[in-house]
Amino acid sequence: MLGTRGGWRALRYCSSSLPREQRFPAARLRVREALGSREAAGKVKVQGWVRSVRSQKEVLFLHINDGSSLESLQVVADPSLECRDLTFGSAVEVQGKLVKSPHKMQDVELQAEAIRVVGPCDTLSFPFKIKERHPLEYFRQFPHLRCRSNALGALLRIRSEATAAILSFFQDNGYVHIHTPIITSNDCEGAGELFQIGTSQEAKESAEKNHFFNVPTFLTVSGQLHLEAMAGAFTRVFTFGPTFRAENSQSRRHLAEFYMVEAELSFTESLQDIMQVMEHLFKTATSTVFSKCPRDVELFHKYVAPAQKGRLEQMMKNKFVIISYNEAVEILKQASQTFNFKPEWGCDLQTEHEKYLVKHCGEVPVFVINYPYNLKPFYMRDNEDGPQHTVAAVDLLVPGIGELCGGSLREERLPFLESRLQRLGLTDAYQWYLDLRKFGSVPHGGFGMGFERYLQYILGVDNIKDVIPFPRFPHSCLL
């Protein structure tokens, strides 16, 4: 092998005497494409960042990665091609021939004929070190650089594939993609946890109480109400975009900004229809992610959550469990475990309750249906089932996380909706929403799924801040 490589000095050309376009006339390959090649290729060019450098007396080894795969491409070169700036983290452009590798661990390698350092990297001040396996908490300190680590690079590829899988699921099933507003005057959840929008001039003149939009506006907490308007013309609609919650929490499960997948189905009178779509979406997207980026997923299941792979495989084979809110409360009351929040009928389920219910049902996802009327927002359909008054609502609970999805049948009956809005003093604010029930109203329902919580679950990541591109501490972006 070294004898073959010993002739590289004769193949080198003077890179300084030729213009760049003549020095690199070869076809450009991504690392993933190069690694997928089964046969030797002619002259190729690979661009990326150096993950390792190892210089021996007669050969120089590099590993190059461009973010297209978890694996790096091995480059073998004559030691004379080494220069001072060729270090871990530097950006390089390598031209050479893609040949079969003599090593069993790789199919191909790149025999370099020329190496150009595009951007040097000061390894002394670079926060990531070549021989250290840094924990996720360490990477969180460097939101602008952490994508260069194996773990976060894998996460972002998984996130990209999961996004594509979700979009494909809805499009394949006849849903129309709606881009709902980010700036809105509606508080869909009714919890008051909103970021209010104002111009810098409004902040200076706040005493005058003027608004850019003439009314108070906020960053959206949900696109649901806008989707409901579209569900009056399209039988299946969905949206997938950023949402915002002004919860004063720095916990491992809360984000101020996150992505939400939401869907609405017209002409449906059964929670079973909604739950079927939720389960189908979850399983289809997860199966697609696992098949598209198995090595990336394996990284998390091997080093972050070793038992998660087996749990997910078991979950994918079985139907999700369904219990009522009444049954859930009784299970919690009979539990030997002591809860921080005492379970009582009429009280919302806390995270500790949700995790226990999942454990009680065999560590599989659980649908909890038919919540108390007074616990849920005005738009959920009244079950008319006194004396324990409930609405047709459903939450999907998953192991280790708690609530992943929430949905309901929507109240399509005008008298019921008018009565509830009047009691809440919201009739004027939601007159447009009442109009939807006056003109061709149909039974309908929908749900929302937190995208980051979904990723957190399938990968077994403990802190939700480790599944977003840029973490925020505590409520503001560092960039």
Side-chain angles (χ1 to χ4, degrees), residues 137 191 247-255 271-272 274-275 278-279 282-283 286 300-301 304-376 380 383 385-408 447 449-450 452-467:
E137 291 79 5
E247 296 182 14
N248 189 18
S249 172
Q250 300 178 36
S251 75
R252 292 171 173 266
R253 53 181 280 109
H254 287 99
L255 293 171
L271 269 182
Q272 187 65 43
I274 307 300
M275 291 186 286
M278 293 164 72
E279 183 171 345
F282 182 93
K283 291 182 175 180
T286 303
F300 283 89
H301 289 172
V304 178
Q308 191 68 2
K309 181 180 179 181
R311 288 194 292 261
L312 286 169
E313 289 175 347
Q314 187 65 24
M315 176 274 298
M316 297 286 281
K317 297 176 184 176
N318 299 312
K319 291 286 292 181
F320 294 176
V321 175
I322 303 174
I323 62 174
S324 69
Y325 173 87
N326 290 347
E327 292 171 320
V329 171
E330 288 304 312
I331 291 171
L332 294 170
K333 285 183 175 181
Q334 296 172 19
S336 56
Q337 177 177 328
T338 301
F339 299 106
N340 293 324
F341 296 90
K342 185 179 180 181
E344 294 287 351
W345 200 97
C347 296
D348 209 354
L349 299 179
Q350 303 297 319
T351 301
E352 60 178 347
H353 301 148
E354 295 170 345
K355 290 182 177 180
Y356 180 86
L357 290 169
V358 171
K359 184 178 180 180
H360 175 84
C361 293
E363 293 289 359
V364 295
V366 178
F367 287 116
V368 180
I369 63 173
N370 298 330
Y371 280 78
Y373 179 88
N374 291 326
L375 274 184
K376 294 298 184 179
M380 295 192 175
N383 281 330
D385 57 350
Q388 290 185 324
H389 200 177
T390 66
V391 291
V394 56
D395 286 341
L396 175 60
L397 315 181
V398 296
I401 301 294
E403 182 187 348
L404 176 64
C405 303
S408 74
F447 68 93
M449 179 180 78
E452 282 76 12
R453 281 196 183 177
Y454 165 74
L455 294 172
Q456 187 184 10
Y457 173 54
I458 67 169
L459 299 179
V461 176
D462 182 52
N463 194 322
I464 198 169
K465 296 178 179 64
D466 291 325
V467 296

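These numbers come from the heavy atoms of this one structure, side chains and all, not from hydrogens, waters or symmetry mates. Because the structure is a prediction, the values reported are computed rather than measured.
Inter-residue side-chain proximity for F300 and Q308 is flagged as unmet; no heavy-atom pair is nearer than 4.5 Å. L349 is not listed as a side-chain neighbour of D395, based on a closest heavy-atom distance of 4.5 Å or more. Considering only heavy atoms from C-beta on, Q334 comes within 4.5 Å of E330 through its side chain. Side-chain contact check for I323 versus V366: some heavy-atom pair is nearer than 4.5 Å.
Contact between F282 and M315 at its shortest, heavy atoms only, is CE2-CE, 3.0 Å. Closest non-hydrogen pair, L396 versus P365, comes out as CD1-CB, 3.9 Å. Nearest heavy-atom pair, L255 versus K465, reported as atom, atom and distance to 0.1 Å: CD2-CG, 4.0 Å. When all heavy atoms of S408 and V394 are compared, the closest pair comes out as N-CG1, 4.3 Å. Smallest separation of non-hydrogen atoms from G460 and V304: O-CG1, 3.8 Å. The shortest non-hydrogen separation linking H301 to I458 is NE2-O, 2.8 Å.
The aromatic rings of H353 and F341 sit perpendicular to each other, their planes meeting at more than 60°, with 30° as the lower class boundary. The aromatic rings of F320 and F367 sit tilted relative to each other, their planes meeting at an angle between 30° and 60°.
Summarising the local packing, NZ of K359 is surrounded by 12 or fewer heavy atoms from other residues, nucleotides or ligands at distances under 6.0 Å. More than 12 heavy atoms of other residues, nucleotides or ligands sit less than 6.0 Å from atom NZ of K333.
The main-chain N or O of E403 is found under 3.5 Å from a side-chain atom of E354 such that the two form a donor-acceptor pair. Between the side chain of Y454 and the main chain of T286, a donor-acceptor pair closer than 3.5 Å is present. In this structure, the side chain of D385 engages the main chain of T390 through a donor-acceptor pair within 3.5 Å. A donor-acceptor contact shorter than 3.5 Å is absent between the side chain of N370 and the backbone of A392. One N or O on the side chain of Y325 and one on the backbone of G346 form a donor-acceptor pair closer than 3.5 Å. Distance alone, capped at 3.5 Å, places no donor-acceptor pair between the Q456 side chain and the I401 backbone.
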Checking side-chain contact (heavy atoms from CB on, under 4.5 Å) for the pair Q272/I322: CA distance, chi angles, key distance, verdict? CA-CA 10 Å; Q272 187 65 43; I322 303 174; 3.8 Å; yes
Test side-chain contact (heavy atoms from CB on, under 4.5 Å) on L312 and Y457 and set out the steps. CA-CA 9 Å; L312 286 169; Y457 173 54; 3.8 Å; yes
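Separating the CG atom in N340 from the OG1 atom in T351 is a distance of 11.0 Å, to the nearest 0.5 Å. F339 contributes atom CZ, which lies 5.0 Å from atom CG of L332 (distance to the nearest 0.5 angstrom). Between H360 atom NE2 and Q337 atom CD the span is 12.5 Å, to the nearest 0.5 Å. Remark: I331 CD1 to N326 CG distance equals 11.0 Å, nearest 0.5 Å.
In this structure, a donor-acceptor pair under 3.5 Å is absent between the side chains of R311 and Q314.
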